[in-house]
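Please read all numbers here as calculations on a predicted model, not as lab measurements. Below, read A as the first sequence line, B as the second, and so on, with proteins coming before strands; counting in each chain starts at 1.
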Amino acid sequence: RNYSIGDVIARFLMMKGKNVLHPMGWDAFGLPAENAAIERGIHPAKWTYENIDYMRAQLKRMGFSYDWTREISTCAPDYYRWNQWIFLKLYEKGLAYKRLSTVNWCPRCLTVLANEQVEAGLCWRCDAMVEAKELEQWFFRITEYAEELLDYTEKLPGWPERVLTMQRNWIGKSVGAEVDFPIEGSKEAIRIFTTRPDTLYGVTFMSLAPEHPLVERITPADRLSEVKSFVEEVKREKSRVGVEEVDKLEKKGVFTGARCINPLDGTRVPVYVANFVLMGYGTGAVMAVPAHDQRDFEFARAHGIPVKVVINPPGEKLDAETMEAAYTDEGVMADSGPFSGMKSSEGIASVIGHMEKEGLGKRSVNYKLRDWGISRQRYWGCPIPVVNCARCGAVAVPCESLPVILPENVRFTGRGLSPLESAEDFINSECPKCKGPARRETDTMDTFVDSSWYFLRYTSPAEESAPFDKHDAGYWMPVDRYIGGIEHAVLHLLYARFFTKALRDLGLHGLDEPFQNLLTQGMVCKETVKCPTHGFLSPAEVAPGARCVHCGLAVDVGAVEKMSKSKKNVVDPDNLIEKYGADTTRLFSLFAAPPERDLEYTAEGVEGSYRFLGRVWRLVADNAELLGTGPYDGSKDAALEGLPELKALHQASHRTIDKVTRDIGERFHFNTAISSIMELVNALYLFRQKEKTDDGLGRKVFREAVEAVVLLLAPFAPHISEELWRGLGGEAPVYKTPWPEADPTALVAEEVTVVVQINGKVRSTVTLPADSSEEEVREVVLKDEKVAEWTKGRDVKKFIYVPNRVVNLVVA
RNA sequence: GCCGAAGUGGCGGAACUGGUAGACGCGCUAGAUUCAGGUUCUAGUGGGUGAGAGCCUGUGGGGGUUCGAAUCCCCCCUUCGGCACCA
């Protein structure tokens, strides 16, 4: 479906005379190939290249118009060497760096797990409890571009709103202030971030994340064991349930024994460690204002901490003792020193200004966006071009030495850090700096790196001196139409945007954004069939009478769900192509729903598309003798005057051309484009039956319409169109034939049907010459029998005329 | 909880900027073709009522704006998607 959508656009634009770059390539590194190696003993390279061959053959059978001379594979050294080259350039600019970070570790398999391999906190293969393990890992500094990535979400009108919203949420910008709370009896201070500086006078306690580095340092000796055991308890909970379920945990905390000072008014407040404070956001410390934050409120009530009201709703006064929930809206500041009486919305800026003047704090911006961890302890990926030298540390491989080739002779045991650990020749290396012995980095890159710039490579896939040719990239880019699933709304599309900007700043091209227009197509779904004892069944496992072939029990026809192997509701295009041909397969996937919606596969729907193509075929095959003459040339004479049926067909042809052109080119609503072609075909069948087409003019008008059908259908069903086009005497391949143009004079109707409403209800219609004046319309309408009946004995108070469309009479 | 998208016949879905709701397809019902079934061709098909022309009603629910609302505004309900202790 994805590729059928793209092919319609490509073929349409080719026929419109555009120079179209319609490429195909393989994002071929990644975990599935490695799992196949572990489970089935096939080398990932072999497995991958076999799959590529299979899929390439299938795409060719579907008749997609790819430029195969531009085919690329991300797992080929001549592609991934440029991944490595880009990595080195980012490293030079400080946009790639290394630091300690946690990975998922299975203590039984002794291996690192990808997030997708952790199911509810357990190893997907052995169900052991996954642990956190600290490793040195490489990161890309995407946060450097947070502001620009956010700004440009306002400058992408060709993107769906929901995708932009998801990206904005992901970047998660919030504006506020950073404030230091000095710790009593210590030189240290707790730095907090807050979006509500207007509530600073209401702080009654402080909470730290369990991982906060100050926790152990500020806790007095007599409380240390209690605090430590709390921290351990929280860490255990997090590893058990997985991050996504942390919010369901009860809010818990423990007093450290330390106190800190509110720099604004000098109050002493107790410092707690709390399980709901995240080390990964802000500073890992939160100033707690129970009166105006619900979370803090609940915690304060549970721990007997005072509540201090500093914002009152307009015209009201809250009571700290009796209030039952935090007041989080705007209001009037109270009990806030010089700011009392000020509107809270104005207080935010005022308090920040005051703190900056006094050196107590400053304006600050926070993002939820994290830097992008790209290290994977995996084999089937692009090697990170770095060696680790005992003397010099991590040293970049010089650009001239690229590519660092992924070795083939490794063992796949499913254990240990990475299969690359077993490749001695690969690991043992020399430090480029000191020439001493060094150990090659065994981590490979996240496959999202591979897919973050491939679209640029398509513009010059054979370039050997750079990732891509600057001139070619300038000619083709940005991508006019990018088509993909909604699952890429954040990660892939954000990484690709980041790469585009980073490569721009490296001077490789002059582009701000990679994708001008984005089409997110829906999923293909199909009903599932379930047996009470044998689970999901494929259609072949269902016996007549809706019974399971294995046990004979009645099956349950379940919900319509995304096609997936595990649910056994997948339809292989190969089988459809064999039974119905590629054109039917394509047509069905384009007709049954607009591209962005989910599509339900039904056998009946496929039959419908097949039937339609048969109808088109017979239209030409059964009327060969009528189609022998050339088409009607309507622009030169008025030969159709007085022949309403011929004229109607001529106009229908041009209206269809106009509609289909706009539906494909402007709206990407292929389902309605196809339905318009169907309407024209239906009209031709009726015309053929009712009209004498054996006179010269009739034949010409008939032929004109048939030619339109064949050409308009070409982007959707290229094979049958090609065949029919040849049959009609067309010479060039149909995809090189100019797209038909609607004759504007044929689009203009001479007569229009005007709807007559009385008090807003349709009561009659009148047929009039187009563009009649209001006076002319009024005259005809008032003479209309039905109108006369409805207005008899009543006053026409108002006469509204919308030209060529509707008349509304208000009568009383 | 927050953000986003969407609710239209038996089903998938049309309806461009507010102007004949249900195009097109599936399914169903008739008729023609056929020994018969399938295929193919033709006609009909939102609901109610009526012999009929027609009339009433109808786009998740309630209110509003308007000569006129599937479309715009407010409130509510449902479904889907994303994010989620974000300080």
Side-chain angles (χ1 to χ4, degrees), chain A residues 160-170 172-174 176 192-196 199 207 209 243-251 274-278 280-289 293-296 298-299 366-368 486-487 489-490 520 522 560 587-588 591-594 596-609 611-612 614-615 618 622 659 662-663 666-667 669 671-679 681-682 685-686 688-689 753-765 786 789 797-811:
Chain A
E161 194 52 42
R162 58 177 180 151
V163 173
L164 295 172
T165 305
M166 280 188 229
Q167 294 215 349
R168 286 182 201 121
N169 290 344
W170 189 263
K173 179 182 180 176
S174 51
I192 59 98
F193 171 75
T194 179
T195 56
R196 294 292 305 275
T199 64
S207 30
V243 189
E244 69 276 0
E245 286 170 49
V246 168
D247 64 315
K248 286 170 196 153
L249 288 176
E250 188 197 339
K251 294 183 184 16
N275 66 346
F276 57 85
V277 181
L278 307 173
Y281 183 77
T283 61
V286 182
M287 68 172 213
V289 186
D293 180 283
Q294 186 58 27
R295 202 176 32 201
D296 297 343
E298 288 167 24
F299 192 87
N366 248 286
Y367 300 94
K368 290 184 204 169
I486 189 70
E487 70 274 16
V490 177
T520 49
V560 175
L587 196 72
F588 167 73
F591 177 62
E596 64 276 7
R597 275 208 224 180
D598 283 353
L599 169 78
E600 187 191 339
Y601 175 91
T602 59
E604 294 80 10
V606 177
E607 289 281 350
S609 293
R611 218 176 290 169
F612 168 67
R615 243 166 107 76
R618 287 187 298 276
D622 296 350
K659 174 90 161 70
R662 284 186 290 115
D663 278 354
E666 293 167 21
R667 300 202 309 151
H669 278 200
N671 54 333
T672 53
I674 294 167
S675 70
S676 306
I677 303 173
M678 288 175 168
E679 284 181 77
V681 170
N682 291 346
Y685 266 79
L686 295 186
R688 181 69 197 95
Q689 177 181 289
T753 302
V754 172
V755 172
V756 184
Q757 299 181 334
I758 300 197
N759 290 341
K761 292 194 186 247
V762 179
R763 296 300 179 194
S764 182
T765 58
K786 286 182 203 151
E789 220 171 282
K797 297 217 158 167
K798 214 167 176 182
F799 184 94
I800 296 144
Y801 175 52
V802 181
N804 298 330
R805 279 186 179 267
V806 72
V807 162
N808 194 7
L809 303 180
V810 183
V811 300

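A:Thr165 places a side-chain heavy atom less than 4.5 Å from the side chain of A:Arg168. Residues A:Met166 and A:Ile486 form a side-chain contact, since some pair of their non-hydrogen atoms from C-beta on lies under 4.5 Å apart.
In this model, the phosphate group of B:C16 is not approached by any side-chain N or O of A:Arg805 to a distance below 4.0 Å at OP1 or OP2. Neither OP1 nor OP2 of B:U20 sits under 4.0 Å from any side-chain N or O of A:Thr753. The phosphate of B:A87 (OP1 or OP2) has no side-chain N or O of A:Arg295 nearer than 4.0 angstrom. When the side-chain nitrogen and oxygen atoms of A:Arg618 are compared with OP1 and OP2 of B:C41, one or more of them lie within a distance under 4.0 Å. Between A:Lys761 and B:U57 there is a side-chain N or O to OP1 or OP2 distance below 4.0 Å. Considering only side-chain N and O atoms, A:Arg615 lies nowhere under 4.0 angstrom from the phosphate OP1 or OP2 of B:G25. Phosphate contact (OP1/OP2 of B:G12, side-chain N/O of A:Arg597, threshold under 4.0 Å): absent. Regarding contacts with the backbone of B:G27, a side-chain N or O of A:Arg611 is found under 4.0 angstrom from either OP1 or OP2.
Within 4.0 Å of A:Lys368, counting heavy atoms only, lies at least one base atom of the nucleic acid. Residue-level contact check: A:Pro594 touches the backbone only, with heavy atoms under 4.0 Å from sugar-phosphate atoms and none from bases. Among the protein residues, A:Val802 comes within range of the nucleic acid bases, having at least one heavy atom under 4.0 Å from a base atom.
The side chain to side chain contact (heavy atoms under 4.5 Å, CB included) check on A:Asn682 picks up A:Arg615, with sequence neighbours excluded.
One atom, CG of A:Asn759, and another, P of B:G68, lie 8 Å apart when rounded to the nearest Å. Counting to the nearest Å, the C1' atom of B:G12 and the CG atom of A:Asn671 are 10 Å from each other.
When the nucleotides B:C24, B:A87, B:G4 are ranked by their closest atom to the side chain of A:Asn682, B:C24 comes out on top. Taking only side-chain atoms of A:Thr194, from C-beta outward, the nucleotide of B:U20, B:G81, B:A87 with the closest atom is B:A87. The side chain of A:Asn808 lies closest to B:G68 when the candidates are B:A43, B:G68, B:A87. In the set B:C85, B:C26, B:C67, B:C26 carries the atom at the smallest distance from any side-chain atom of A:Glu604. With B:A15, B:U20, B:G54 as the choices, the nucleotide that has an atom nearest any side-chain atom of A:Lys786 turns out to be B:G54. Of the candidate nucleotides B:G68, B:A87, B:G12, B:A87 has the atom lying nearest to any side-chain atom of A:Thr195. With B:C86, B:A23, B:G82 as the choices, the nucleotide that has an atom nearest any side-chain atom of A:Glu679 turns out to be B:A23. Relative to the side chain of A:Leu278, the nucleotides B:G19, B:C86, B:A23 differ in distance, and B:C86 lies closest.
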**OP:** Can you run through RNA chain B from 5' to 3' and write each base as (, ), [, ], | or . depending on how it pairs? Watson-Crick or G-U wobble, both distances under 3.5 Å.
**Re:** (((((((..(((......[....)))((((((.......))))))((((....))))..(((((..]....))))))))))))....
Original post:
Could you go step by step and tell me if A:Leu809 and A:Arg763 meet the side chain to side chain contact (heavy atoms under 4.5 Å, CB included) rule?
Top reply: CA-CA 10 Å; A:Leu809 303 180; A:Arg763 296 300 179 194; over 6 Å; no
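Aromatic ring centres of A:Phe299 and A:Phe276 lie closer together than 6.0 Å.
Remark: side-chain polar atoms of A:Asp296 are paired, donor with acceptor, to backbone N or O of A:Val289 under 3.5 angstrom. A donor-acceptor pair is defined here as one N or O able to donate and one able to accept, closer than 3.5 Å; no such pair exists between the side chain of A:Asn671 and the backbone of A:Ala593.
At a cut-off of 3.5 angstrom, the base of B:G19 holds at least one donor-acceptor pair with the side chain of A:Gln757. The base of B:C83 is not paired with the side chain of A:Asn169 by any donor and acceptor separated by under 3.5 Å.
The CZ atom of A:Arg688 sits 14.5 Å away from atom CZ of A:Arg618, with the distance rounded to the nearest 0.5 Å.
Of the residues near RNA chain B, A:Ala592 and A:Arg162, the one whose nearest nucleotide (by heavy atom distance) lies more toward the 5' end is A:Arg162.
Against the 90° criterion about 0, the sugar-base torsion of B:G9 places it in the syn range.
Across B:C41 and B:C24, the matching P atoms stand 15 Å from one another, rounded to whole Å.
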